[in-house]
Amino acid sequence: MNQSIVILGGGTAGWMTAILFAHRWPSADIHLIESSDIPTVGVGEGSTPYLKNLFDQLNISEDEWMPQCNATYKNGITFKNWSTQPGCESYFHPFLSQYDADIIPVFEHHARLRCHGYPVQAHPDHYFLTKQLTDEFKKALPIDGNNSVVTLYAYHFDAAKLGMFLKNKSIELGVKHSYGTIKSIQQKNNGDIAQLTTNSGEILTGDLFVDCSGFNALLIDKTLKTPFVKFDENLFNDSAIAIPSAKVENYKPETKSTALSCGWAWQIPLTNRVGNGYVYSSKYQTAESAEAELRKLIGVTEQEQPAKHIKMRVGRVEKHWNKNCLAVGLSQGFIEPLEATALNFVQDTINSFIQAYEEGEKNKQAFNDKMNYAFERIRDYIVLHYWSNSRNDSQYWQDCKQIPISPSLHKLLGVWFSGGSLSDELKAQQIDQYYPSASWLALLAGYGVFPPFDPTKKEDFSQDIRSIIARRQALSAQFKKL
Ligand SMILES: Cc1cc2nc3c(=O)[nH]c(=O)nc-3n(C[C@H](O)[C@H](O)[C@H](O)COP(=O)(O)OP(=O)(O)OC[C@H]3O[C@@H](n4cnc5c(N)ncnc54)[C@H](O)[C@@H]3O)c2cc1C
């Protein structure tokens, strides 16, 4: 690959694109330009387990990158106060381990029995290993030398430091870098982008342009006018507030997601501070009231820490690769940060694009279809959190229960309520590649989304649950504390 590539934007998306392109195409001429006047979004501190692949792919060890990014391990997410069903006020979304391979069929069986009205304990917190480890303040990495249990885990990190780390590594790999604010964009007769001009007159030409300009979407939207599909019909949140707080010494390796009056708050432990934020809908709550609510939750005053207010553009472009432009990151779309999926999308977009681009233009349509399907199905998973809530304390949560759902999600819920096999349906719809069946089951069972008990069905399954818990307690001895 001897092409010349211009990347517009130096946020996490821009630098991830730069490093993965430089790694894959060492002879390409790659130039990243970013504005020193337009800040990066500055949030995005949680990942999915897929981020580990990035560092594995680049042969960068955790010992190298994690300390530089104030990073910590993440075993999963606790969702608190989303449900008011007794016993379901909180549930842990587990990242899976090898141990869970035996447990998932049991969990699914119990959840299906519960859907048929049997009095079985089907709350996910009783089943998965990473829940046990998290409660014991243990990371999901077996003690050195003991590889008998393979576990998935993710990370928390300082987004700005991760961007800086990737920037230094990209420059080492030969990526050129400059500062400049793009003021004008010239197109060729066929609509392709020809060149970008900065406010100081620097001109950048290239064969391929990558739009990593964040919510600005300068190339994909403002220049190429690529249609944008909004998700506001079933994802109401369009605003966020971020306020850091002091470091906590003993933290569980998890993200906490607490439902508030018109959205939810994240709490993410880093090695030097806790990242906090509130994602809410401006249609239901003012910025002032939302800030006050977040401050009350985390106990941080205005004098101690200012708040950062962020507007979110929620939805996706119709074509992520349009003309000679690829959109990566917030410019291509954003679902919302509930499951920390944005950087996962960034990685997936870049890796899928590399493959498609190497095979030629004929793959454009298939690439765009693939990205759109991923956006839609992950959107459905996020929508399910809101749809499943049982709160009555605000108009926001009541309206969330009425949100329209896609035909795909409608079908999944039909299978669930009839006690059928959700994993078969997820496979049939090719959705399990984004979220495995255990995640869907954990969400529905964790919020207590079940038909009522049938008083005629009285079997006792408590022995099964006790033996599952005993087994995972024994296994937990192989893992060490943080
Ligand atoms: C509230 C919130 C919480 C989030 N939480 C998570 C999370 O937990 N996990 C996760 O994976 N993701 C999360 N995300 C998403 C994550 O922050 C982004 O996906 C990630 O930071 C990538 O952003 P970006 O690089 O696309 O855009 P940005 O960080 O906004 O970077 C844009 C870049 O473009 C440059 N630029 C813009 N216009 C111009 C111009 N005219 N000329 C030159 N340069 C220009 C800017 O200078 C900047 O360098 C969250 C997002 C939000 C809003």
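Quantities reported herein were computed from a predicted structural model and do not represent experimental measurements. Because only heavy atoms are used, hydrogens play no part in the values below, and waters and symmetry mates are left out as well, while side chains stay in. Numbering of ligands and ligand atoms starts at 1, following listing order. We're numbering straight along the sequence, starting at 1.
Among Phe345, Tyr434, Tyr381, the single residue meeting the ring-ring contact (aromatic ring centres under 6.0 Å, His included) criterion with Phe375 is Phe345.
Regarding atom 2 (C) of ligand 1, its nearest protein heavy-atom neighbour is Val43 CG2, 3.4 Å. Scanning the protein for heavy atoms near atom 24 (P) of ligand 1, the closest one is Ala13 CB, 3.8 Å. Protein heavy atom at the shortest distance from atom 27 (O) of ligand 1 is Gly214 CA, 3.4 Å. At the top of the distance list for atom 44 (N) of ligand 1, counting protein heavy atoms only, stands Ser35 N, 3.2 Å. Here the heavy atom of the protein found nearest to atom 35 (C) of ligand 1 is Gly9 CA, 3.7 Å. Looking only at heavy atoms of the protein, atom 28 (P) of ligand 1 is closest to Val41 N, 3.6 Å. The protein non-hydrogen atom at the shortest distance from atom 26 (O) of ligand 1 is Leu330 N, 2.9 Å. Nearest to atom 15 (C) of ligand 1 among the protein's heavy atoms is Ala342 CB, 3.4 Å.
Ring pair His177/Trp15: centre-to-centre distance below 6.0 Å.
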Check the pair Arg313 / Asp221 against salt bridge (charged side-chain N to carboxylate O under 4.0 Å, His left out), numbers first and verdict last. CA-CA 12 Å; Arg313 188 177 74 133; Asp221 178 18; 3.5 Å; yes
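Within the 4.0 Å heavy-atom cutoff, Gly180 counts among the residues contacting ligand 1. Heavy atoms of Phe334 come nearer than 4.0 angstrom to ligand 1 in at least one pair. Using a 4.0 angstrom heavy-atom cutoff, Asn216 counts as in contact with ligand 1.
Contact annotation for Leu218 and ligand 1: only side-chain heavy atoms (C-beta onward) come within less than 4.0 Å of the ligand. Contacts between Ile38 and ligand 1 below 4.0 angstrom, taking non-hydrogen atoms only, involve backbone and side chain alike. At a 4.0 Å heavy-atom cut-off, ligand 1 does not touch Phe345 at all. Contacts of Lys183 with ligand 1, taken as heavy-atom pairs under 4.0 Å, are absent altogether.
Atoms of ligand 1 lying under 4.0 Å from at least one heavy atom of Gly10, given by number and element, are 33 (C), 48 (C), 49 (O). For ligand 1, the atoms lying closer than 4.0 Å to a non-hydrogen atom of Leu8 are 42 (N), 43 (C), 44 (N). Interface of Ala240 with ligand 1, defined as ligand atoms under 4.0 Å from a residue heavy atom, comprises 1 (C). For ligand 1, the atoms lying closer than 4.0 Å to a non-hydrogen atom of Gly329 are 26 (O). The contact set between ligand 1 and Glu45, taken as ligand atoms under 4.0 Å from a residue heavy atom, comprises 7 (C), 8 (O). For ligand 1, the atoms lying closer than 4.0 Å to a non-hydrogen atom of Ile182 are 40 (C), 41 (N), 42 (N), 43 (C). Of all atoms in ligand 1, numbered sequentially from 1 with element shown, those under 4.0 Å from a heavy atom of Gly46 are 7 (C), 8 (O), 9 (N), 10 (C), 11 (O).
For the residue pair Asp369/Gln365, the side-chain donor-acceptor check at 3.5 Å is satisfied. A side-chain N or O of Glu293 and one of Gln285 form a donor-acceptor pair less than 3.5 Å apart. Under the 3.5 Å distance criterion, with hydrogens and angles disregarded, a donor-acceptor pair is assigned to the side chains of Asp399 and Tyr284. Side-chain N/O atoms of Asn363 and Glu358 include no donor and acceptor closer than 3.5 Å. Inspection of the Thr258 and Asn81 side chains reveals no N or O donor paired with an N or O acceptor under 3.5 Å. In this structure, a donor-acceptor pair under 3.5 Å is present between the side chains of Gln132 and Glu136.
We find that Lys176 and Asp29 are joined by a salt bridge, their nearest charged nitrogen and carboxylate oxygen being less than 4.0 Å apart.
Annotation: Leu343 places an N or O atom under 3.5 Å from an N or O atom of ligand 1; distance criterion only.
Of the candidates Cys212, Gly44, Ala217, Gly44 brings a heavy atom nearest to atom 14 (N) of ligand 1.
Relative ring orientation between His385 and Tyr91 is described as parallel, the plane-to-plane angle staying below 30° on a 0-90° scale split at 30° and 60°. Ring pair Trp397/Tyr386 is parallel by interplanar angle, where below 30° counts as parallel and above 60° as perpendicular. Taking the six-membered ring where the residue is Trp, Tyr280 and Tyr278 present tilted rings, their angle falling between 30° and 60°.
With hydrogens and angles disregarded, a donor-acceptor distance shorter than 3.5 Å links the side chain of Thr130 to the backbone of Phe95.
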